[in-house]
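Right, one structure below, let's go through it.
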Amino acid sequence: MSDKAPDKKPAAPTKSTAQLLGDRRLKLKRLRDELKQDPYGQRTDGLIRLNAARDAFSQAADTAHKAAQEAAKEEGAAPADPNADERAVVAVAGRVVQHRVMGNLIFLSVRDDSGDLQIAVSKKTVGQPDFGLAKMTDYGDIVTAKGALGTTKTGEVTLWAGEGFEVGEDAPAYRILTKSLALPPGKHHGLTDPETRYRKRYVDLYANPEVMQTMQTRSRILKATRDYLTDDQPERGFLEVETPMMQAIPGGAAARPFETHHNALDIDLFLRIAPELYLKRLLVAGMPRVFEINRNFRNEGIDRSHNPEFTMLELYQAYGDLYSVMDLTENLFRHLASTVCGGTTLPFGEVQVDYAAFERRKYLDLFNQHNDFDHSDHAALVAKGDSLGLKTQDVDHDVLLNSVWEETVEQHLIQPTFVIDYPASLCPLTKRKPDEPEIAERFELFVCGMELANAYTELNDPDVQEANFKAQDTGLTGEDAVEAATFRNIDEDFLEALRVGMPPAGGLGIGIDRLVMLLTNQQSIRDVILFPLMRPQG
RNA sequence: GACCGGGUAGCUCAAUGGUAGAGCAUCGGCCUUUUAAGCCGCUGGUUGUGGGUUCGAGUCCCACCCCGGUCACCA
């Protein structure tokens, strides 16, 4: 007995969805059974990108072709000589994003990662089998077509399938290469819901070409950065390395790590919060200039400038210092803006960011500029902290100073600004200025109120480093200490490496995702990450 | 984690507490220069989930889920 009662409607998906999907399944079956076509086709050689096809279009050849067609029609004499057709013949492939059937002439717009191209399929030209394929094509299918590049009445560059070459078994005018069995977003409004866009990025990327462009720019930024750092200029020549992402002792930053476990060794491991301590080991080892571009993982909140996994460039330059990597940073930013994005002035939201010249401002000067009291006035500082709703009880002066600084100064740092001369107490792992021991050799780069880079003259005295580790480890109170104890351990092997001897060096970290946000004018970090972290759907 | 906003057809969106709608898409028909093609016709729903109030809930109340924004967290 069948359990199918005739009056029983299927559960989810809804009937309409099932019908729409059924239509596509039916076409899949027709392709196989009636048309003997593989709906998940084969390797196809000789394809060019759609923008290359557009570039291959010749207005002169199109004009001459149209004139010849007219002449042949009017004279009634000899038909146009096919050998006189100078139009370029190309083969392309792409996803169908428009499909307009005009009876015996079909227009399709296809899209690839380079852009869109219109394809015209005429029944008279390609004959019944291929025309039938074009007619049954659905929005979302991946198709290939070969033909001459011409125009339509309205002047749009169009590939006329089957024209300009001998159509045959091995040279079809039109094929469906991949049948899409999913329901596509609307061709007019496209896909706009942010949740669906992030979850179904494979649809977002073709439905919203500007997303594809952003991701392509991201790739170019990364390549240009690697090329820049590794080229043979005397001030560069860095070696790209990869250091462990799974670490027994997560270090190099203060952040809560993700925890995991290795079964065979039966040990707990942590996803790294920074590569710093390993890159410094490489300075000890004798690699004088190293960098790594890869993921860090921090078990923190998510907002427009934070994703739990993010890409960081960390770089170490032996025999350099804070100012060597500051120059490098400025030159790199300017290089990326001009070579990848076409200019040193780029928009970000409402503002134009000028990468031609970076400001260098002292931390305490900025504080005084944006507050109506001197940074040393503790009573005024506490009052200000209270008015901002900050924690002011049992807080060290400099810690409170930094909290107020972040609330009052950061938002004003729109144009690229290196902040220098941080109070040393805020940077326990940084070398101090030789002549001003209360000032740390550190800079942070701010652009559009965002922290883009952080750099130090690296501490290479193993005894000072060890003392600072221990001071930091016990300097916390209450809940912070309990929490910190779960992940802050002293990395003895790193201290041993420093005892072997690390050359004096400048170190730099650049948040690549935020850099890409700036250079591509995206306001959310999720819009520069292909697959941002999303909570699984229940 | 807190607060605010949102979740309705495949897509984009409507709907005083009173019969859940439109456009596009799909399907059928006509159409050889369209551009969101056009015209005619058919079709499409567990209104995020679960409770509650009510004669009656997409709408009001409660809880939960997911997304966005703001904040918190974030040497």
Side-chain angles (χ1 to χ4, degrees), chain A residues 9-24 26-27 66 97-109 116 118-125 131 136 138-140 150-156 158 160 180 182-200 203 207 251-256 273-274 276 298-306 308 310 389-391 398-399 402 406-407 422-430 440 442 444 451 454 456 468 471-472 475-476 479-480 483-484 488 509 523-524 526 532 534-538:
Chain A
K9 287 181 180 175
T14 64
K15 197 185 172 202
S16 82
T17 305
Q19 278 182 340
L20 293 168
L21 293 174
D23 291 338
R24 289 182 177 244
L26 206 62
K27 288 178 178 170
K66 282 199 164 105
V97 293
Q98 300 281 348
H99 186 223
R100 295 181 285 274
V101 180
M102 316 278 304
N104 293 314
L105 177 65
I106 296 170
F107 290 102
L108 305 106
S109 293
D116 293 3
Q118 179 165 269
I119 293 170
V121 183
S122 163
K123 188 175 190 178
K124 198 173 170 186
T125 304
F131 185 79
M136 72 188 292
D138 281 318
Y139 182 21
T151 54
T152 61
K153 270 184 181 170
T154 52
E156 175 152 351
T158 299
W160 290 86
S180 174
L183 299 172
K187 66 182 178 181
H188 182 203
H189 295 98
L191 186 64
T192 62
D193 175 47
E195 178 170 0
T196 312
R197 290 188 45 219
Y198 297 138
R199 288 191 192 280
K200 300 202 176 299
V203 176
R256 216 178 306 185
I273 54 176
E276 174 160 346
R298 297 186 182 175
N299 209 335
E300 294 160 3
I302 298 173
D303 63 30
R304 284 202 293 178
S305 59
H306 293 82
F310 63 100
L390 299 170
K391 182 185 173 191
D398 284 352
V399 172
N402 195 45
E406 288 174 357
E407 291 290 331
Y422 278 72
S425 61
L426 297 174
C427 325
L429 302 191
T430 310
R442 173 193 188 187
E444 285 197 289
E451 181 190 339
N454 191 9
Y456 307 96
N468 287 347
Q472 185 183 10
L476 299 164
E479 292 178 353
D480 290 341
E483 184 181 290
R488 273 188 197 159
Q523 307 296 312
S524 170
R526 296 182 197 92
M534 300 288 280
R535 195 185 291 269
Q537 280 174 311

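No hydrogens, no waters, no symmetry mates; every other heavy atom, side chains included, goes into these values. By convention in this document, chain letters (A, B, ...) are assigned in the order of the sequence lines, proteins followed by strands, and residues within each chain are numbered from 1.
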With rounding to whole Å, what would you report as the distance between [N] and [M] at their [atom1] atoms?
| N | M | atom1 | result |
| --- | --- | --- | --- |
| B/G6 | B/U12 | C1' | 16 Å |
| B/U47 | B/A20 | C1' | 8 Å |
| B/G48 | B/A36 | P | 32 Å |
| B/G45 | B/G51 | P | 22 Å |
| B/C60 | B/A72 | C1' | 32 Å |
| B/G7 | B/U59 | C1' | 14 Å |
| B/G1 | B/G58 | P | 31 Å |
| B/G23 | B/A14 | P | 16 Å |

What pairs with [X] under side chain to side chain donor-acceptor pair (under 3.5 Å), at least two apart in sequence or on another chain?
| X | result |
| --- | --- |
| A/Glu156 | none |
| A/Thr196 | A/Asp193 |
| A/Gln523 | A/Asn521 |
| A/Asp138 | A/Lys27, A/Lys179 |

Please set out all donor-acceptor pairs under 3.5 angstrom arising from side-chain atoms of residues 97-105 of chain A, sequence neighbours excluded.
unit_1   : atom_1 : unit_2   : atom_2 : d
A/His99  : ND1    : A/Thr137 : O      : 3.1
A/His99  : NE2    : A/Ala134 : O      : 2.9
A/Arg100 : NH2    : A/Gln118 : OE1    : 3.1

To the nearest Å, how far apart are [X] [atom1] and [N] [atom2]?
| X | N | atom1 | atom2 | answer |
| --- | --- | --- | --- | --- |
| A/Lys153 | B/U33 | NZ | P | 5 Å |
| A/His306 | B/U70 | NE2 | P | 13 Å |
| A/Gln523 | B/U70 | CD | P | 10 Å |
| A/Glu407 | B/A72 | CD | C1' | 11 Å |
| A/Lys124 | B/C31 | NZ | C1' | 16 Å |
| A/Ile302 | B/C66 | CD1 | P | 12 Å |
| A/Arg256 | B/A72 | CZ | P | 16 Å |
| A/Leu21 | B/U43 | CG | C1' | 15 Å |

Polar pairs (N or O, both sides) under 3.5 Å between protein and nucleotides 39-41 of chain B?
none

If you pin A/Thr196 and A/Ser122 to their nearest nucleotides in RNA chain B, which one's is more 5'?
A/Thr196
Closer to the 5' end of RNA chain B via nearest nucleotide, is it A/Trp160 or A/Leu426?
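Mapping each residue to its closest nucleotide by heavy atoms, the 5'-most match is A/Trp160.
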In Å and rounded to the nearest 0.5 Å, what is the [atom1] to [atom2] distance from [X] to [Y]?
| X | Y | atom1 | atom2 | answer |
| --- | --- | --- | --- | --- |
| A/Met534 | A/Arg526 | CE | CZ | 7.5 Å |
| A/Asp116 | A/Leu108 | CG | CG | 12.0 Å |
| A/Leu191 | A/Lys200 | CG | NZ | 10.0 Å |
| A/Glu407 | A/Asn402 | CD | CG | 10.5 Å |

So what does [X] touch, heavy atoms closer than 4.0 Å: a base, only the sugar-phosphate, or nothing?
| X | value |
| --- | --- |
| A/Leu183 | sugar-phosphate |
| A/Phe310 | nothing |
| A/Arg100 | base |
| A/Arg197 | nothing |

State which residues pass side chain to side chain contact (heavy atoms under 4.5 Å, CB included) with A/Leu26; sequence neighbours excluded, sorted by chain then number.
none
A/Pro194 meets the side chain to side chain contact (heavy atoms under 4.5 Å, CB included) criterion, sequence neighbours left out, with A/Tyr198
Secondary-structure notation, RNA chain B, from Watson-Crick and G-U pairs under 3.5 angstrom (| other strand)
(((((((..((((....[..))))..((((.......))))......(((((..]....))))))))))))....
Please evaluate residues A/Trp160 and A/Thr152 with respect to the criterion side chain to side chain contact (heavy atoms under 4.5 Å, CB included), reporting the C-alpha separation (whole Å), side-chain torsions for both, the decisive distance (0.1 Å), and the verdict.
CA-CA 9 Å; A/Trp160 290 86; A/Thr152 61; 4.0 Å; yes
Is a donor on one side and an acceptor on the other found under 3.5 Å between the side chain of A/Arg256 and the backbone of A/Glu300?
no
For nucleotides 67-69 of chain B, print each protein N/O atom paired with a nucleotide N/O atom at under 3.5 Å, atom names and distance only.
unit_1 : atom_1 : unit_2   : atom_2 : d
B/C67  : OP1    : A/Arg535 : N      : 2.9
B/C67  : O4'    : A/Glu195 : OE1    : 2.8
B/G68  : OP1    : A/Arg526 : NE     : 3.2
B/G69  : OP2    : A/Arg526 : NH1    : 3.0

For a quick test of reading the model, state the closest non-hydrogen atom pair linking A/Arg298 to A/Ile273 and the distance between them.
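Scanning both residues, the minimum pair turns out to be NH2-O, 2.9 Å.
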Where A/Asp398 and A/Leu426 come nearest, the two heavy atoms and their spacing
O-CD2, 3.5 Å
Has the side chain of A/Thr192 got a donor or acceptor that lies under 3.5 Å from a partner of the other kind on the base of B/U12?
no
Between the base of B/U34 and the side chain of A/Gln118, is there a donor and acceptor pair under 3.5 angstrom?
yes
From B/C74, B/C31, B/U32, pick the nucleotide closest to the side chain of A/Val101?
B/C31
Pairwise N/O distances under 3.5 Å, protein to nucleotides 23-27 of chain B:
unit_1 : atom_1 : unit_2   : atom_2 : d
B/A25  : OP1    : A/Lys187 : NZ     : 3.2
B/U26  : O2'    : A/Asp23  : OD2    : 2.1
B/C27  : OP1    : A/Lys27  : NZ     : 2.6

Determine: side-chain N/O of A/Thr17 to OP1/OP2 of B/G10, distance under 4.0 Å, yes or no.
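Affirmative; the distance criterion is met.
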Under the ring-ring contact (aromatic ring centres under 6.0 Å, His included) test, which residues partner A/Tyr422, sequence neighbours left out?
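Result, ring-ring contact (aromatic ring centres under 6.0 Å, His included) vs A/Tyr422: A/Tyr363.
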